[in-house]
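Note sheet for the following structure.
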Amino acid sequence: MTPRIQAIDALEILDSRGNPTLRVNVHLDNGITGTSSVPSGASTGENEAVELRDGDAARYGGKGVLKALANVNDTIAPALAGCDPRQQAQIDQAMIDLDGTENKARLGANAILGVSQAVARAAAQSCGLPLYAYLGGVGAVHLPVPMMNVLNGGKHADSGMDFQEFMIFPIGAPSFAEALRYGAETFHALKTILAAKGYATGVGDEGGFAPQVKSNDEACELIVEAIVAAGYRPGEDIAIALDPAASSFYEEGQYRLSRSGQGDKNAEEMTEIFKAWVNKYPIVSIEDGHAENDWEGFKGMTAALGDKIQIVGDDLLVTNTKFIARAIGEHACNAVLIKLNQIGTVTETIAAIQLCRNAGWGIVISHRSGETEDSFMADFAVAMGGGQIKTGSACRSERIAKYNRLLEIERELGAAARFGR
Ligand SMILES: O=C(O)[C@@H](CO)OP(=O)(O)O
Ligand SMILES: [Mg+2]
């Protein structure tokens, strides 16, 4: 029997930063309910799909999502009633048409994505399949390599680092479970090292430490020290990945490295810093080393380092095929950061991934700095063929929910599971 959407409702919940976000339930006529929640970023790209907030200062300082909630309940729900939830592409297209704007500003990308993900969940359950198998088919057996953000700076923590994310990347691990263990052990080793040096060991938005280090260089040195202390070989067992999130410190045409006191840099000087770092530290991936509109900076970076390391576009590409196609044509990067809520539907996210895969690019599925306990992205990463996943350090439950879900999937796949980039 064909399952049909009977009702859809939304609930205003809190994310990991204590800000409101949406949870959506899609109820089918076969008694199944698919549920999903929407994350929220802090260092958002200016071309991201619009996250609709109420703007009513009396509630959550304007950050409430009751308008988006009403759009789910009053506009999207009646339009999708009676649809077969397995027709994901048609349903996503119907919501895009219903919204009618270029950037989902009318209904809100938060409203649309919540429904899109909950529809996929309901459909998977109707088919009696785990979400990764429903979305990815029989070939969905690759677990992603985790990028674990152990030092938080930039907009994610009041620390001494201009750069937003310093991640450990267990590229030499034989399985996902082992990669997670390598990462967690290094995280604990780093805590011991920080405490011994008199640094604070409280964590930032993504669960990494947020010490008042003196420089961005010191952050890399601390991580190398932690990798060794945990008993691993830097660069072989565990490498380093960075997300400077350079848009967040780009002002008036300059990269302002003010927290670390390194002064202002231009695009070429930033590339020179990264070149020197790649020679000095086991860095294999740099995301948003330049600002979102600095296409020349990205191109220069890719020309200088693209044959050695992964150059990842996040704010530059915003999971949007329009910007990805341009970046492929102009050799502006060689890998993509994928965030479902940057574009707002499951179908458009899959299209973005396919475009990157055809270009031979690396693919990193990413959380947002404001997250929920929903582990949709973990199943999604396996469905999309593994690649890489970044979803925080080895603490904070909203990050661990994703890692723990991947552990479950790896166990479920058993000997059929594959791991590696
Ligand atoms: O820049 C990023 O890659 C993300 C996730 O780590 O941060 P935010 O969600 O704040 O945009
Ligand atoms: Mg980023």
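For ligands, and for the atoms within them, numbers begin at 1 and follow the listed sequence.
- For E178, the side chain to side chain donor-acceptor pair (under 3.5 Å) criterion is met by R181, not counting sequence neighbours.
- Judged by distance alone, the side chains of N293 and E46 do bring a donor and an acceptor atom under 3.5 Å apart.
- Inclusion of E165 in the set of residues having an N or O under 3.5 Å from an N or O of ligand 1 is warranted.
- With hydrogens and angles left out, the side-chain atoms of Q164 and N149 include no donor and acceptor closer than 3.5 Å.
- Annotation for ligand 1: atoms under 4.0 Å from non-hydrogen atoms of H367 are 5 (C), 6 (O).
- Listed by number with element, the atoms of ligand 1 under 4.0 Å from a non-hydrogen atom of A42 are 8 (P), 9 (O), 10 (O), 11 (O).
- No part of K155 comes within 4.0 Å of ligand 1, judged by heavy-atom distances.
- Proximity annotation for atom 7 (O) of ligand 1: of H156, R368, K390, E287, H156 comes nearest, heavy atoms only.
- With no hydrogens or angles considered, no side-chain donor-acceptor pair links Y60 and D54 at under 3.5 Å.
- Those atoms of ligand 1 that come under 4.0 Å of a heavy atom in L337, given as number and element, are 3 (O).
- Under the rule for a side chain to side chain donor-acceptor pair (under 3.5 Å), the partners of S247 that lie at least two apart in sequence or sit in another chain are D315.
- Scored by the salt bridge (Lys or Arg N to Asp or Glu O under 4.0 Å) test, E410 finds no partners at all (sequence neighbours excluded).
- Protein N/O/S atoms found under 2.8 Å from the Mg ion (ligand 2): D243 OD2, E287 OE2, D314 OD2.
- Between S366 and ligand 1, not a single N/O pair is under 3.5 Å apart.
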